[in-house]
Number of protein chains: 2
Amino acid sequence: MYYDKIGVTVDIVIFTIKNDDLQVLLVKRKMAPFKDQWAIPGGFVRKEESLKNAARRELEEETGVKDVYLEQLYTFGKPKRDPRGRIVTVAYYALISSNRIIKPIAKTDVYEADWHSMYHLPKKLAFDHDHILDYALQRLRYKLEYTTVGFQLLPKKFTLTELQKVYEIILNKKLDKRNFRKKIASLNVLIALNETKMEGAHRPARLHSFKEKKFIFPKGVI
Amino acid sequence: MYYDKIGVTVDIVIFTIKNDDLQVLLVKRKMAPFKDQWAIPGGFVRKEESLKNAARRELEEETGVKDVYLEQLYTFGKPKRDPRGRIVTVAYYALISSNRIIKPIAKTDVYEADWHSMYHLPKKLAFDHDHILDYALQRLRYKLEYTTVGFQLLPKKFTLTELQKVYEIILNKKLDKRNFRKKIASLNVLIALNETKMEGAHRPARLHSFKEKKFIFPKGVI
DNA sequence: GCAAAAGTGTTCAATGTACACCCATGC
DNA sequence: GCATGGGTGTACATTGAACACTTTTGC
């Protein structure tokens, strides 16, 4: 049976919260196409690995981090999106707690890698990666409100103020402290620890941890 | 540059409401693999067409219908999902008003095509198509509640009772007539026509039409 | 004692849910 | 006149939004 074969890549939008900012990992390409432009990390899917494993492999190559929240975003496949030929990309996004990352790893001489603020991205990204980032931010914001993905961006122990900051940074708006805490409490997914965190000349904040190993999704939410 | 090339298909879950039932179009394979098993219609993406166009082409080949609501669902790509080799499939789902379909079209001698109730599917479908259908139903139910996709399953003019029936069939539960109408009214997307529909020995029902050409999605909902 | 962030409740508005009767028609 | 589905409103519960003061600490 004959059919056209097509290159399949995975591209990964890797989010983290750094310096009170929503940041995304970009790589600067040192080879054509789009030489010297910033892009989302990604690579070809190998014959014997699943899409998700390909994404996990790329993610680990870039960040050195395993066991990360990783979710398929969308598949982009316009015929001309890659000048090298017909290439379809399955986009994923990942959420990493900033404390887990020391430094992004640039793959040997292929490119450099660095964090960029989602709110001040380089002008024009390679391929259709502007579009992918747009879409990823939309999805992240959406899921933040209806699921507990936000917890993935924090270390195991965190204060409620830190959690609120994550929400504020991603949604890009101030939230009311009392309403926020009421909402989080109603989810019933946090354990209040008998530990506090001191930081500056004020009352110490109670540390909390996330109850569930697994994330909680309202039924049908993707 | 070397990379593994992979076959890319689109598979389409085509939903309609027929005989007060949520039905999906399946094709019976006449060739290996999965000979004589039912499958979702689909086919290989051609070199020069976008994923969505490939899906539209397949959809039209099966049903003869154009201008259909069509949305990307998810991309499935486990290495062993197709015994012929490494094939990744981008799944779509489509919603068709039953009045637009006369009869599904079986592609010449490749297979036969027929509608099946989502609630009484054949035992074991080809490939991972059970899983794809599961996922499609979840997505459909989810979007039904937060968007106006449901209107795509009705003809241009419809009664509120017909609309309610669509919701009840898909969600598989009874809804309260007054609350349903209040909710629909609050969406503000229907035009009450000066026409009625007589059907049986009772008060005729007012016909309505959908206001928007475009579908309405709350921001961020995918 | 004062600066700084932590922590905590109440009121009001909007939305969702439960529930029952009259209306227009064909026969 | 009766059987059938069409059409309508109100009371209550739940959820979301606005809003201000006391507590604990370091200096």
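Lettering follows sequence order; numbering is per chain, from 1.
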Hey, what do you get for [atom1] ([X]) to [atom2] ([Y]), rounding to the nearest 0.5 Å?
X	Y	atom1	atom2	value
A:Tyr74	B:Leu73	OH	CG	10.5 Å
A:Leu153	A:Gln23	CG	CD	12.0 Å
A:Phe76	A:Asp82	CZ	CG	14.5 Å

Net bend of the helix from C:dG1-D:dC27 to C:dC27-D:dG1, end axes of five pairs each, nearest 10 degrees = 10°
For residues 156-165 of chain A, run the donor-acceptor check on the side chains, cut-off 3.5 Å, and write out each pair with its distance to 0.1 Å, sequence neighbours left out.
{"unit_1": "A:Lys157", "atom_1": "NZ", "unit_2": "A:Glu195", "atom_2": "OE1", "d": "3.2"}
{"unit_1": "A:Lys157", "atom_1": "NZ", "unit_2": "A:Glu195", "atom_2": "OE2", "d": "2.8"}
{"unit_1": "A:Thr159", "atom_1": "OG1", "unit_2": "A:Glu162", "atom_2": "N", "d": "3.1"}
{"unit_1": "A:Thr161", "atom_1": "OG1", "unit_2": "A:Arg181", "atom_2": "NH2", "d": "3.2"}
{"unit_1": "A:Glu162", "atom_1": "OE1", "unit_2": "A:Thr159", "atom_2": "N", "d": "2.9"}
{"unit_1": "A:Glu162", "atom_1": "OE2", "unit_2": "A:Lys197", "atom_2": "NZ", "d": "2.4"}
{"unit_1": "A:Gln164", "atom_1": "NE2", "unit_2": "A:Glu168", "atom_2": "OE2", "d": "3.0"}
{"unit_1": "A:Gln164", "atom_1": "NE2", "unit_2": "A:Leu175", "atom_2": "O", "d": "3.0"}

ask   = Which parts of nucleotides 3-10 of chain D does protein reach within less than 4.0 Å, heavy atoms only, written one letter per nucleotide 5' to 3' as B for base, S for sugar-phosphate only and - for none?
value = BBBBBBBB
Closest-nucleotide ordering on DNA chain D, the 5'-leading residue of A:Lys183 and A:Gly200 = A:Lys183
inquiry  = With heavy-atom distances below 4.5 Å as the criterion, would you say the side chains of A:Asp11 and A:Glu58 are in contact?
reply    = no
task = Would you please name every residue forming a salt bridge (charged side-chain N to carboxylate O under 4.0 Å, His left out) with A:Arg57, sequence neighbours left out?
result = A:Glu49, A:Glu61
ask   = Which pair of non-hydrogen atoms, one from B:Ile12 and one from B:Ala55, has the smallest distance, and what is that distance?
value = CD1-O, 3.0 Å
inquiry  = Restricting to non-hydrogen atoms, name the atom on A:Lys124 and the atom on A:Asp130 that form the minimum distance, rounded to 0.1 Å.
reply    = NZ-OD2, 3.1 Å
task = Can you establish whether the number of heavy atoms outside B:Lys174 located under 6.0 Å from its atom NZ is more than 12?
result = no
Can you give the donor-acceptor pairs under 3.5 Å from side chains of residues 200-210 of chain A to other protein atoms, not counting sequence neighbours?
{"unit_1": "A:His202", "atom_1": "NE2", "unit_2": "A:Glu199", "atom_2": "O", "d": "2.5"}
{"unit_1": "A:Arg206", "atom_1": "NH1", "unit_2": "A:Leu193", "atom_2": "O", "d": "3.4"}

query = What is the 5' to 3' range of DNA chain C, first to last nucleotide, that sits under 4.0 Å from any heavy atom of chain A?
reply = C:dA3 to C:dT10
